[in-house]
There are 2 protein chains.
Amino acid sequence: MKVIPNISVDCVVFGYSGTDVDVLLIKQKKTSQDAEAQYALPGNLVRTEENLDQAASRALKDLTTLEGIYLKQFHTFGDPDRVTNPKDRAWLTAVREFPDERVITVAYYSLVSVDDYVPHAAAFAEESEWVSLKNVPPLAFDHDKILHEAVETLRTELVTKNIGFELLPKKFTLSQLQQLHEIILAKKFDKRNFRKSMKKMSQIIPLDEKQQGVDHKPAQLFQFDPKKVDS
Amino acid sequence: MKVIPNISVDCVVFGYSGTDVDVLLIKQKKTSQDAEAQYALPGNLVRTEENLDQAASRALKDLTTLEGIYLKQFHTFGDPDRVTNPKDRAWLTAVREFPDERVITVAYYSLVSVDDYVPHAAAFAEESEWVSLKNVPPLAFDHDKILHEAVETLRTELVTKNIGFELLPKKFTLSQLQQLHEIILAKKFDKRNFRKSMKKMSQIIPLDEKQQGVDHKPAQLFQFDPKKVDS
DNA sequence: TCAAAAGTGTTGCATCTACACCCATGG
DNA sequence: CCATGGGTGTAGATGCAACACTTTTGA
């Protein structure tokens, strides 16, 4: 359980609620009565026996109980002063064995459906919750910057690699998929054209099933099959 | 000049010679008479006062004398056993203060024209040279893996971001640019179509100048202007 | 005058965009 | 029967792939 004192991982987990894109944040435990509790991305120091991907999964699980999520490394942040801001001192001295060490962090991001994952705070997290990207409070360390880069990465990967299914429930409607794209990319798509282009991707397989409990014409459900790769 | 014992940077510098894509390698200094000298990517531990980008530039300059090159971070490698292979022990114990530390490395890549940069060995490099990607010897540590990932990154960025001008001299012909694409992507392009698509990129500006000293019809020269961004 | 690479347009086909109405369901 | 979102086709414009011959230069 020995850690490397100057290498950490941080996870930017995006979730989609149906109307908003959320990010999973933790609230750091207060280090004293009058200390100001800060929000942060879930992350922690890397242990000596684990690789970086494992560290990211483990840290995320420890802090939020979320597991089984595919995390993708996207950038490493290593400014010498990224953990020296006074606002972060109290927390560092309270929880870290070597609070003055310079720390570089390897950042990961992931996409999930908020319905599928209910986070529970654990370890040094006081809370663990989905926060809309529109209402993200100032974050600890350089996590604002990390989050910003993650959003940029999300946008480019959404268009180039057509990820985005990940953000939806296993069974989804094409309108949900379209709304998701519109929210992330902040632009409108033509319904017919959008459906045409999605339908010709072999990975999106139509189910013999319809939406239930809606007060309008129920939509057909689709499923994403990652095994099918476009040729 | 204090270093962080478990964080390094490595640089994959691609060069284009006109017929081949090369990579810049160093040969590690022999640690004893009978030791086997190994090839490696230029890289070194990060110092406490520098950020990662600075560390990459500085390490590259120290080992090869190349400087003023734009290096782009592309991945961080951190397997626990990436520096524990017996083949690397002798060298580590000879040059590192803490040879048993686990080291993660932040990898960078870059593109230059081989004509513009003549490397000279320095520091712990015995040699520093351009090696064709076709003839890369086995490398130290996990540098084979790093190089392989860098090549993959180069291919995707070449098509998505139309980098590649970087590999050519400041003034280049369209045929040179085409040949470069063909070599990196290992496929042929139609001359007319290739020229059409390049010419409609505003960043490629035609010069009032022609090739000299060739024994055939001299080609028009072009230049890349990074300031012009496609709208 | 020959060799070697530079340079240049058009046509068919596939893909993308723009656009408007009827349908099924629950309340 | 009304409100709500689901679902569908076509025509015009644009972009991409295929294709062959003439030009300029140095040797």
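In what follows, every chain begins at residue 1, and chains take the letters A, B, ... in the order their sequences are listed. Worth knowing before you read on, the calculation uses all heavy atoms, side chains too, and leaves out hydrogens, waters and symmetry mates.
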When the distance from [atom1] of [X] to [atom2] of [N] is rounded to whole Å, what number comes out?
{"X": "B:Phe194", "N": "C:dG7", "atom1": "CZ", "atom2": "P", "answer": "13 Å"}
{"X": "B:Gln211", "N": "C:dA5", "atom1": "CD", "atom2": "P", "answer": "11 Å"}
{"X": "A:Lys191", "N": "C:dC23", "atom1": "NZ", "atom2": "P", "answer": "14 Å"}

Whether each nucleotide of nucleotides 10-19 of chain D has a protein heavy atom under 4.0 Å at its base (B), only at its sugar-phosphate (S) or at neither (-) is summarised, 5' to 3', as B-----SBBB
What string of B, S and - do you get for nucleotides 22-27 of chain D 5' to 3' if you count protein non-hydrogen atoms under 4.0 Å? -BBBSS
Looking at residues at least two apart in the chain, or sitting in another chain, which of them share a side chain to side chain contact (heavy atoms under 4.5 Å, CB included) with [X]?
{"X": "A:Glu50", "answer": "A:Val46, A:Arg47, A:Gln54, A:Ala55, A:Arg58"}
{"X": "A:Ala59", "answer": "A:Val9, A:Asn44"}
{"X": "B:Val83", "answer": "B:Leu92, B:Val103, B:Phe141"}

Salt bridge (charged side-chain N to carboxylate O under 4.0 Å, His left out) contacts in which one or both residues fall within residues 116-125 of chain A, not counting sequence neighbours: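 Qualifying pairs: A:Asp116-A:Lys170.
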Could I get the full list of salt bridge (Lys or Arg N to Asp or Glu O under 4.0 Å) partners for A:Lys61, not counting sequence neighbours?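 A:Lys61 satisfies salt bridge (Lys or Arg N to Asp or Glu O under 4.0 Å) with A:Glu67 once adjacent residues are dropped.
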For A:Glu166, check salt bridge (Lys or Arg N to Asp or Glu O under 4.0 Å) against everything at least two apart and list the hits.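 Result, salt bridge (Lys or Arg N to Asp or Glu O under 4.0 Å) vs A:Glu166: none returned.
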Listed by chain and number, what are the ring pair (Phe, Tyr, Trp, His ring centres under 6.0 Å) partners of A:Phe189, not counting sequence neighbours?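 Testing A:Phe189 for ring pair (Phe, Tyr, Trp, His ring centres under 6.0 Å), a comparison that skips the adjacent residues, returns A:Phe194.
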Name every residue in residues 170-188 of chain B that has at least one heavy atom under 4.0 Å from any atom of DNA chain C, in order of residue number, or write none if there are no such residues.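 DNA chain C contact set from residues 170-188 of chain B: B:Ser175.
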Ignoring backbone atoms, establish whether B:Arg195 has a side-chain N or O less than 4.0 Å from OP1 or OP2 of C:dG7.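 For C:dG7, OP1 or OP2 has a side-chain N or O of B:Arg195 closer than 4.0 Å.
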Any ring pair (Phe, Tyr, Trp, His ring centres under 6.0 Å) pairs touching residues 151-173 of chain A, not counting sequence neighbours?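 Non-adjacent pairs meeting ring pair (Phe, Tyr, Trp, His ring centres under 6.0 Å): A:Phe165-A:Phe224.
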Ignoring hydrogens and angles, write down the donor-acceptor pairs under 3.5 Å from the side chains of residues 118-126 of chain B, residues two or more places apart or on other chains.
none

Determine the sole option in A:Gln73, A:Glu149, A:Glu157 for which the side chain to side chain donor-acceptor pair (under 3.5 Å) test with A:Tyr109 is passed.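 Only one of A:Gln73, A:Glu149, A:Glu157 forms a side chain to side chain donor-acceptor pair (under 3.5 Å) with A:Tyr109, namely A:Glu157.
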